[in-house]
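What follows is a short report on a single structure.
A note on names: the letters A, B, ... follow the listed sequences, proteins ahead of strands, and every chain is numbered from 1.
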2 protein chains.
Amino acid sequence: MENRLKELRAERGWSQADLAERLDVSRQTVNALERGKYDPSLPLAFRIARVFGRPIEAIFTPGQEDET
Amino acid sequence: MENRLKELRAERGWSQADLAERLDVSRQTVNALERGKYDPSLPLAFRIARVFGRPIEAIFTPGQEDET
DNA sequence: GCAAAATGTCAAGCAAGCTTGACATGCTCG
DNA sequence: CGAGCATGTCAAGCTTGCTTGACATTTTGC
């Protein structure tokens, strides 16, 4: 699963810690998500979508794994 | 998190097992999702959205938990 | 060049998502 | 009635998502 977290965060001039606070998760979680270590839960994906004012589909895109 | 799984599945006349097969998960998982036992992972949410031809936001809606 | 802030990373542990297998119940329809 | 399908449910077990705490490395800016 690919995502535009880093890009969207940068646009807003937020640190990973800033974003983590807005999402109510740990800084390490934001870091792991940006680096593609794992995917967020659906509830967290909704919070991310809300923070950035975009639909989930505009932030996350299923990669090779889910394409068929 | 609320969802319209049961409704959308019924519209198509599919059994839980049918849907499970299309989503590549177990029948018990579909049953648990419909009954709100837990939320799907984000990758599974994407597959569900694709199977029903609707955006994730049109199928799942964060409840009280995520509203503030 | 130095200090502080930001980012990356690791480990251990708990919680959530999903699996298989089994069994109970209910529904439909020959 | 009886067979078969659909649904609900439980338990045990594995994997993934997320946490805290600690420490190393990179970036920023004075």
Side-chain angles (χ1 to χ4, degrees):
Chain A
M1 182 87 71
E2 292 175 6
N3 70 70
R4 306 204 303 142
L5 250 47
K6 184 166 184 157
E7 175 190 349
L8 293 168
R9 179 174 64 81
E11 281 177 5
R12 288 159 181 74
W14 296 341
S15 69
Q16 292 182 346
D18 289 337
L19 177 55
E21 193 172 357
R22 288 170 194 265
L23 294 173
D24 196 34
V25 293
S26 70
R27 178 183 70 81
Q28 287 87 334
T29 292
V30 168
N31 185 68
L33 292 175
E34 283 192 358
R35 319 197 73 252
K37 291 301 181 182
Y38 49 72
D39 301 320
S41 65
L42 187 55
L44 178 51
F46 267 98
R47 276 180 271 148
I48 292 170
R50 191 166 53 170
V51 160
F52 290 123
R54 283 179 168 62
I56 291 176
E57 280 87 347
I59 304 178
F60 298 91
T61 67
Q64 215 105 4
E65 329 93 42
D66 262 356
E67 267 174 8
T68 45
Chain B
M1 182 88 68
E2 292 176 6
N3 71 70
R4 306 202 304 142
L5 249 47
K6 184 165 187 157
E7 175 188 350
L8 293 167
R9 177 174 65 82
E11 282 177 3
R12 287 158 182 76
W14 296 341
S15 69
Q16 292 182 347
D18 289 337
L19 178 55
E21 193 172 357
R22 288 169 194 266
L23 294 174
D24 196 36
V25 294
S26 69
R27 178 183 72 80
Q28 288 86 335
T29 293
V30 168
N31 185 68
L33 292 176
E34 282 192 359
R35 319 198 74 253
K37 292 300 183 183
Y38 49 73
D39 300 320
S41 65
L42 186 56
L44 178 50
F46 268 98
R47 275 180 272 150
I48 293 170
R50 191 166 54 169
V51 160
F52 290 123
R54 282 180 168 58
I56 291 176
E57 280 88 348
I59 304 178
F60 299 92
T61 65
Q64 216 106 2
E65 329 92 42
D66 261 358
E67 267 174 6
T68 44

Report summary line: Result for 5'-nearest mapping on DNA chain D, choosing between B:Ser41 and B:Lys37, is B:Lys37
Query raised in the report: After noting the C-alpha distance and the side-chain angles of B:Val25 and B:Arg47, does the key distance pass the side chain to side chain contact (heavy atoms under 4.5 Å, CB included) rule?
Result: CA-CA 10 Å; B:Val25 294; B:Arg47 275 180 272 150; 4.0 Å; yes
Query raised in the report: With sugar-phosphate meaning primed atoms plus P, OP1 and OP2, does B:Thr29 contact a base, only sugar-phosphate, or nothing at under 4.0 Å between heavy atoms?
Result: base
Query raised in the report: Which nucleotide span of DNA chain C, 5' end to 3' end, has atoms closer than 4.0 Å to non-hydrogen atoms of chain B?
Result: C:dG17 to C:dA22
Requested in this report: Please round to 10 degrees the angle between the axis of the first five pairs and the axis of the last five pairs in the helix from C:dG1-D:dC30 to C:dG30-D:dC1.
Outcome: 50°
Query raised in the report: Minimum heavy-atom separation for A:Ala49 to A:Ile59, with atom names?
Result: CA-CD1, 3.7 Å
Query raised in the report: Is there a side-chain contact between A:Leu42 and B:Leu44 (heavy atoms, below 4.5 Å)?
Result: no
Query raised in the report: If we only count heavy atoms from C-beta on, is the A:Val30 to A:Trp14 side-chain gap below 4.5 Å?
Result: no
Query raised in the report: Please walk me through it: do A:Phe46 and B:Asp39 pass side chain to side chain contact (heavy atoms under 4.5 Å, CB included)?
Result: CA-CA 12 Å; A:Phe46 267 98; B:Asp39 300 320; over 6 Å; no
Query raised in the report: Is there any salt bridge (charged side-chain N to carboxylate O under 4.0 Å, His left out) pair reaching into residues 22-37 of chain B, and which pairs are they, with sequence neighbours excluded?
Result: B:Arg9-B:Glu34
Requested in this report: Check whether any side-chain N or O of B:Asn31 sits under 4.0 Å from OP1 or OP2 of D:dT7, and answer yes or no.
Outcome: no
Query raised in the report: Looking at DNA chain D, which of residues 51-60 of chain A put a heavy atom within less than 4.0 Å of it?
Result: none
Report summary line: Here the distance between atom P of D:dT16 and atom CG of B:Asp39, to the nearest Å, is 19 Å
Query raised in the report: Is there side-chain contact between A:Leu8 and A:Arg54, with at least one heavy-atom pair below 4.5 Å?
Result: yes
Report task. Indicate yes or no for a side-chain donor-acceptor contact from A:Asn3 to the backbone of A:Leu33 under 3.5 Å, with no hydrogens or angles considered. Result -> yes
Query raised in the report: Is there side-chain contact between B:Glu11 and B:Phe52, with at least one heavy-atom pair below 4.5 Å?
Result: no
Requested in this report: Check whether more than 12 heavy atoms from other residues, nucleotides or ligands sit under 6.0 Å from atom CD of B:Glu7, and answer yes or no.
Outcome: yes
Report task. Residues of residues 16-28 of chain B with any non-hydrogen atom less than 4.0 angstrom from an atom of DNA chain D: list those, numerically ordered, please. Result -> B:Gln16, B:Arg27, B:Gln28
Query raised in the report: Hey, what do you get for CD1 (A:Ile48) to CZ (A:Arg50), rounding to the nearest 0.5 Å?
Result: 12.0 Å
Query - A:Thr29 vs A:Leu23 side-chain heavy atoms within contact, under 4.5 Å - result: no
Query raised in the report: A:Asn31: what forms a side-chain hydrogen bond (donor to acceptor under 3.5 Å, both in side chains) with it, not counting sequence neighbours?
Result: A:Gln16
